[in-house]
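Written below as structure tokens is the structure these notes are about.
In what follows, every heavy atom counts, from backbone to side chain, and hydrogens, waters and symmetry copies are set aside. Below, chains carry the letters A, B, ... as their sequence lines are ordered, and counting in each starts from 1.
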Protein chains: 2
Amino acid sequence: MTLDERKKRILWAIIQDFIATAEPVGSRTLARKYNLGVSPATVRNEMADLEEMGFLEQPHTSAGRVPSHHGYRYYVDHLMQPTELAESEKELVRVSFETKVKMISEVIQRTGQLLSQLSSYAAMVVSPCANRTRLRHIQLVSMGRGQAMLLVVLEPGIVQHRMMELPPDLTSADLETISQVVNAKISGSQMSELKLTIIREIYAELLRHKSLVAMIMDLIEDSSRSKEDRIYLGGIFNILNEPEFNNVEKVKTLLGLLEQEELICGILSEQDQPGVNVRIGSENSCDDIKDCSMISANYEIDGQRIGSVAVLGPTRMQYAKAISVVEYLTANLSEVLAKMYRS
Amino acid sequence: MTLDERKKRILWAIIQDFIATAEPVGSRTLARKYNLGVSPATVRNEMADLEEMGFLEQPHTSAGRVPSHHGYRYYVDHLMQPTELAESEKELVRVSFETKVKMISEVIQRTGQLLSQLSSYAAMVVSPCANRTRLRHIQLVSMGRGQAMLLVVLEPGIVQHRMMELPPDLTSADLETISQVVNAKISGSQMSELKLTIIREIYAELLRHKSLVAMIMDLIEDSSRSKEDRIYLGGIFNILNEPEFNNVEKVKTLLGLLEQEELICGILSEQDQPGVNVRIGSENSCDDIKDCSMISANYEIDGQRIGSVAVLGPTRMQYAKAISVVEYLTANLSEVLAKMYRS
DNA sequence: GTTAGCACTCACTTGAGGAGAGTGCTAATA
DNA sequence: TATTAGCACTCTCCTCAAGTGAGTGCTAAC
């Protein structure tokens, strides 16, 4: 489906205008405002063509035109000119990221804040997922009265902890020994490499505590596959400024959706393309956001995907801006994390 | 300010009715629906009195009456009959809490979910704050290339972690030694007891690593006073069902508020009474929720406050129900945590 | 002290009319 | 042949007036 230059120009202008005003765009306004050099009548003819091709829609007979999802898609793929962030915005990101952070969760939170602030849409950040990563360290800590805490440190600096019951006759020294033996065997290994052979070796060294070790291995397994990816959501109130969310019903649906962490994780993990993904309206797999667009990207350490960020807004979205914000922040986030956990 | 029996009856009926219908209550309906045994005219007279006393308000001259904040306060203090949770609801709580949980954050999350589900308002839970608590364990874990992670385990099972730079010549064994020495000295002590004497002793034993130890002590201090209380928010979409939130502006204000974690923490920590606190409308310190009511309570371990839960809804709230939900869940939460960390 | 009756108030609904923005079609023009 | 001016038509939205209904306050009777 290839469009001639004038059609492109007109489609571009319509989308541009609609994004800015949220009002159906008429031929007269368009011709005047965008200096198209042709009369409204000509524009009308072109618009009728574009509508027939599926790029535009008409809310009702005597209204202007509105871009269809299809139209937005064409815009994003062919018409939109990428915008760079303003110097002041870059500066803001730089300042936010350069102050010394001590925990991964802080970085995540700041990214989310920046994301929503710069894009003025809702932001979502999934914190590094522990899956498919290396074990760094485990540690048993006695918590008194027959209980212990198992600390599991995974490679990009993720810490998980689990409580466990202890057999009555165990001493703190025992815990320390077990920690050391298990550490010696497993630390640095990929979760998937935690094969039976290693486990057997541990059993062999810790015969006395066989059942305890089994429990520990289970808990390690459990924490490494933990779905408890923390999600940062922010700036939801931002999108309430958009006229498409003037309807409380819609807001309710959206909020209900956003509260379902697993669902959000799922949506964010299904990114087909490398780099920035744009899902427009019905391209979203989830019904509740069929009239939203989502711009998402993965961030990585050493080229390995460890989490995602996304921006959610109405289909009538400032695509160019949102895309560059997501792009810029993902790059920066990857960089900051790499610096934190260079290895 | 004492009311005769009939006035009490009428005030009670008005509030009851308004809570149920969200419509201003008229004399006719009231007299009929609640079998007051007097004519609408009499009810009107009483209503006029109650209005003069400040318990009722009139949206406009020819409308029915609506309870004022003052009226709700009287209702909560004197008129409301406490409701007990239904067996099925208790069962739900029991089931949710009895399945084995491995982390404190799971319990928090479930509590929040139950809170919003049972009350059908928005729920907030502040996770255990590390402040004023005992140190259980610290552990240094090498993260490669001159970096280490400091794990700090605090008494009720809170885990914090911090990244730190290491001097280049340090070995893993050094880290282990330092961990052990510091642990031996400080574990079990209250944060406030971490006086200079102890720190001097540690310095004495670890002369070679003096500056590193100083950094560690700082980070321990930092994590114990960490404001990073995690907040669980849930069921916000619930309150969008209430007619008072049909206005998108209000929703926006509320969402904006709820995203400010520190603010929420602040609001939740200012509970004057032991047990369940009820803040009605303008009794709330924060302007943005001047037309909401908040029911909150602290949960504890060993009688010590370690966090709070709250329910937020319109002033036209099912107080009796909400109060009993908060009460029941706080008690259960305290119990579960005590069981998890019995000491 | 209670009640019936009555005039009055005020929000909300309904429907008609008009304004305005925009369209599609046709015929004239370059 | 492509473009444009002109025009009738469509449809939403705003406004305004009239009518409806729930509720009130006051007064006089019980």
Check your understanding: Would the number of heavy atoms belonging to other residues, nucleotides or ligands and lying under 6.0 Å from CZ of B:Arg28 be above 12?
Key -> no
Check your understanding: With a cut-off of 6.0 Å (strictly less than), are more than 12 heavy atoms of other residues, nucleotides or ligands near CD of A:Glu84?
Key -> no
Check your understanding: How far apart are the C-alpha atoms of B:Gln16 and B:Tyr75, what are their side-chain angles, what is the distance that settles it, and do they pass the side-chain hydrogen bond (donor to acceptor under 3.5 Å, both in side chains) test?
Key -> CA-CA 9 Å; B:Gln16 209 70 5; B:Tyr75 173 80; 2.9 Å; yes
Nearest 0.5 Å please: distance from the [atom1] atom of [X] over to the [atom2] atom of [Y].
| X | Y | atom1 | atom2 | answer |
| --- | --- | --- | --- | --- |
| B:Leu255 | A:Leu255 | CG | CG | 5.5 Å |
| A:Asp17 | A:Ile15 | CG | CD1 | 11.0 Å |
| B:Asn277 | B:Ser296 | CG | OG | 4.5 Å |
| A:Leu85 | A:Lys321 | CG | NZ | 6.5 Å |

Point to revise | Exercise: do B:Lys252 and A:Asn241 side chains pair donor with acceptor under 3.5 Å | key: yes
Between [atom2] on [N] and [atom1] on [X], what's the gap in Å once rounded to a whole number?
| X | N | atom1 | atom2 | value |
| --- | --- | --- | --- | --- |
| B:Met47 | C:dT3 | CE | P | 15 Å |
| A:Arg6 | D:dA2 | CZ | P | 10 Å |
| A:Gln58 | C:dA21 | CD | C1' | 12 Å |
| A:Glu46 | C:dG24 | CD | P | 13 Å |
| B:Asp49 | D:dC26 | CG | P | 12 Å |
| A:Leu50 | C:dG24 | CG | P | 12 Å |
| A:His60 | C:dG20 | NE2 | P | 17 Å |
| A:Leu56 | C:dG22 | CG | C1' | 14 Å |

Practice item. Would you list the pairs meeting ring pair (Phe, Tyr, Trp, His ring centres under 6.0 Å) in which at least one residue belongs to residues 244-286 of chain A, sequence neighbours left out? Key: none
Check your understanding: Looking at DNA chain C, which of residues 27-40 of chain A put a heavy atom within less than 4.0 Å of it?
Key -> A:Ser27, A:Thr29
Exercise for review: Please list, by residue number, the residues of residues 7-17 of chain B whose heavy atoms come closer than 4.0 Å to an atom of DNA chain C; answer none if no residue qualifies.
Suggested key: none
Check your understanding: Could you go step by step and tell me if A:Ser293 and A:Arg279 meet the side chain to side chain contact (heavy atoms under 4.5 Å, CB included) rule?
Key -> CA-CA 5 Å; A:Ser293 286; A:Arg279 289 253 168 73; over 6 Å; no
Review point. Quick one: does A:His69's side chain have a donor or acceptor within less than 3.5 Å of a partner on A:Ser282's backbone?
Key: yes
Below 3.5 Å is the cut-off: list the nitrogen or oxygen pairs between protein and nucleotides 5-9 of chain C, distance only.
from, atom 1, to, atom 2, distance (Å)
C:dG5, O6, B:Arg44, NH2, 3.4
C:dT9, O2, B:Ser62, OG, 2.9

Practice item. Go through the steps to decide whether A:Asn298 and A:Ser308 satisfy the test side-chain hydrogen bond (donor to acceptor under 3.5 Å, both in side chains), and finish with yes or no. Key: CA-CA 4 Å; A:Asn298 292 324; A:Ser308 331; 3.1 Å; yes
Exercise for review: For the residue pair B:Phe55 and B:His70, categorise the inter-ring angle as parallel (less than 30°), tilted (30 to 60°) or perpendicular (more than 60°).
Suggested key: perpendicular
Could you pull out the protein-nucleic contacts involving nucleotides 27-30 of chain C (nitrogen or oxygen on both sides, under 3.5 Å)?
none

Exercise for review: Give every residue pair that meets the side chain to side chain donor-acceptor pair (under 3.5 Å) criterion with at least one member in residues 37-46 of chain A, sequence neighbours excluded.
Suggested key: A:Arg6-A:Glu46, A:Lys7-A:Glu46, A:Ser27-A:Arg44, A:Ser39-A:Thr42
Review point. Are B:Arg65 and D:dT24 close enough that a side-chain N or O sits under 4.0 Å from OP1 or OP2?
Key: yes
